[in-house]
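No experiment lies behind these values; they were computed from the predicted model shown.
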Amino acid sequence: MKPGDVVAVWGCGAVGQMAARAALLLGADRVIAIDRFEYRLDMTRRHVGAETLNYEKTDIDAELREMSGGRGPDVCIEAVGMEAHSSGAQQLYDQAKQQMRLQTDRSAAARQAIQACRKGGSVFVLGVFAGFVDKFPLGAVMNKGLTLRGAQQHGHRYIPMLLERMERGELETAHLATHVMSLDDGPKGYHLFKEKLDGCVRAVFQPGR
C-alpha cells in the first residue's frame, strides 16, 4: 500500500487489528475493519482508530464502494483464515463441504475481499489456511488485474522495527491480551478464544500465575 490508499481489513482479531493499525501508520487515507462481533469492532475503533463495518448489518460491498469514491478499496487484507464465517446459504454450503472433506478451509472473507477490491488493487491473505478451498474467484483476480499475496510474518525482519514503534507508542498491543490465565486454565482459554466467548481476543498463559 501507499499513502492515500483506502484499505479494508476483514477480521478484527489481533491480526486484523494490527494490520489496520499498520495501514494507518503507513499513511492510508481510510482504513475500514470488518467483523460481526461488536466487542471486537468497538476495540478496533477505540485502540486502533479504524472505521468499522458489521457485515451482518450492512451490505459490505456497497458500503466499501461508497467509502472509496465508487471504486472499491485500493488494498484489501484478509485476516480471518480457514474458519471464515459468512451469512445464509453460503455458510451452510461451506460447512457441509468442509465436513465432507471436499474442502479443507472456508474462504468467505477472501472471496469477499477479492470481489470488493478495486481494479488494479492488491489483496493480501494474512489469515491462516491449510489446504484447498472451493469457489475461489480466480476470474475476478485475472479480469480486475489484482495483485494477490500471502505470507506468514517474517519475524527476524520486522520484529526490531515493531518493537521500536511500540516503544514510541505508535503500536498498542496490551489491550489484545483480554484473558491472562495460568497454564492449568489452558483448555478453558482455548475454548474462550475459539468460540469467541466473554469478549476473548487473546488468551495469554503465564506459568506460575
Side-chain angles (χ1 to χ4, degrees), residues 1 5-24 28-41 43-45 48 50-98 102-151 196 201:
M1 59 154 291
D5 278 352
V6 175
V7 178
V9 181
W10 275 257
C12 289
V15 174
Q17 289 188 45
M18 290 298 96
R21 183 60 185 159
L24 288 168
D29 184 54
R30 299 184 79 169
V31 177
I32 304 109
I34 300 154
D35 206 292
R36 65 186 174 115
F37 292 97
E38 288 298 335
Y39 75 91
R40 285 157 53 119
L41 293 165
M43 183 182 287
T44 303
R45 288 190 297 268
V48 175
E51 302 171 72
T52 60
L53 292 173
N54 186 326
Y55 68 80
E56 289 190 330
K57 297 181 178 179
T58 189
D59 182 331
I60 294 299
D61 191 61
E63 286 287 344
L64 290 176
R65 289 184 183 279
E66 179 68 24
M67 299 169 81
S68 58
R71 301 192 309 165
D74 301 286
V75 177
C76 291
I77 300 172
E78 195 277 357
V80 180
M82 67 175 73
E83 296 182 340
H85 175 273
S86 56
S87 301
Q90 185 64 62
Q91 175 70 6
L92 297 175
Y93 173 87
D94 279 337
Q95 283 184 322
K97 292 276 285 191
Q98 196 173 39
L102 296 176
Q103 67 173 0
T104 57
D105 308 333
R106 300 196 300 267
S107 60
R111 289 194 295 255
Q112 192 171 66
I114 289 169
Q115 298 291 358
C117 195
R118 71 162 174 84
K119 293 180 180 179
S122 298
V123 177
F124 293 84
V125 179
L126 301 184
V128 175
F129 287 88
F132 297 96
V133 299
D134 192 17
K135 294 192 177 301
F136 187 79
L138 188 58
V141 173
M142 188 279 293
N143 284 297
K144 295 170 74 173
L146 301 180
T147 297
L148 180 63
R149 293 188 62 181
K196 299 179 175 64
V201 173

Heavy atoms of Ala28 and Val7 approach each other most closely as CB-CG2, 3.9 Å

Donor-acceptor under 3.5 Å (Thr52 side chain, Ala33 main chain): no

Intermediate values then yes/no, side-chain contact (heavy atoms from CB on, under 4.5 Å), Val201 and Arg40: CA-CA 8 Å; Val201 173; Arg40 285 157 53 119; 4.3 Å; yes

Assess whether atom CZ of Phe132 is packed by more than 12 heavy atoms of other residues, nucleotides or ligands within 6.0 Å. no

Sequence neighbours excluded, which residues qualify as side-chain hydrogen bond (donor to acceptor under 3.5 Å, both in side chains) partners of Asn54? Glu38

Expected output: side-chain Asp105 to main-chain Gly131 donor-acceptor under 3.5 Å: yes

Take Val6 and Ile32 through the side-chain contact (heavy atoms from CB on, under 4.5 Å) test and state the conclusion after the steps. CA-CA 8 Å; Val6 175; Ile32 304 109; 3.8 Å; yes

Nearest-0.5 Å distance that lies between atom SG in Cys76 and atom CE in Met1: 12.5 Å

Measure the spacing between CZ of Arg30 and CG of Leu64 and express it to the nearest 0.5 Å. 10.0 Å

Find the distance between CD (Glu63) and CD (Glu51) and round it off to the nearest 0.5 Å. 10.5 Å

Can you measure from CD (Gln112) to SG (Cys117) and round to the nearest 0.5 angstrom? 12.5 Å

Just grab all the salt bridge (Lys or Arg N to Asp or Glu O under 4.0 Å) pairs involving residues 124-146, residues at least two apart or on different chains. Lys97-Asp134

Between Arg36 and Tyr55, the two heavy atoms sitting closest are CD-OH, 2.8 Å

Show your working on side-chain contact (heavy atoms from CB on, under 4.5 Å) between Phe37 and Cys12 and close with a plain yes or no. CA-CA 8 Å; Phe37 292 97; Cys12 289; over 6 Å; no

Short side-chain to backbone donor-acceptor contact, Arg149 and Phe124, under 3.5 Å: no

Output the distance between atom NZ (Lys196) and atom OH (Tyr39), rounded to the nearest 0.5 Å. 6.5 Å

Testing the basics here: between Ala23 and Val31, what is the closest heavy-atom pair and its distance to 0.1 Å? CB-CG2, 3.8 Å

At their closest point, which heavy atom of Asp61 faces which heavy atom of Ala116, and how far apart are they? OD1-CA, 3.4 Å

Under the side-chain contact (heavy atoms from CB on, under 4.5 Å) criterion, do Met67 and Leu53 qualify, and how do the steps go? CA-CA 11 Å; Met67 299 169 81; Leu53 292 173; 4.1 Å; yes

Could you check if a side-chain atom of Pro137 sits within less than 4.5 angstrom of a side-chain atom of Gln115, using non-hydrogen atoms only? yes

Is the side chain of Arg106 donor-acceptor paired with the backbone N or O of Ala84 at a distance under 3.5 Å, no angle test? yes

Qualifying residues under side-chain hydrogen bond (donor to acceptor under 3.5 Å, both in side chains), relative to Glu78, sequence neighbours excluded: none

Specify the closest pair of heavy atoms between Ala79 and Val15, including all atoms of both residues, with the distance to one decimal. CB-CG1, 4.0 Å

Are the side chains of Ile60 and Ile34 in touch, meaning some heavy atoms are under 4.5 Å apart? yes

Heavy-atom nearest pair, Trp10 first then Ala113, reads CH2-CA, 3.6 Å

Once rounded to the nearest 0.5 Å, what's the spacing between atom CD of Gln17 and atom CE of Met43? 6.0 Å

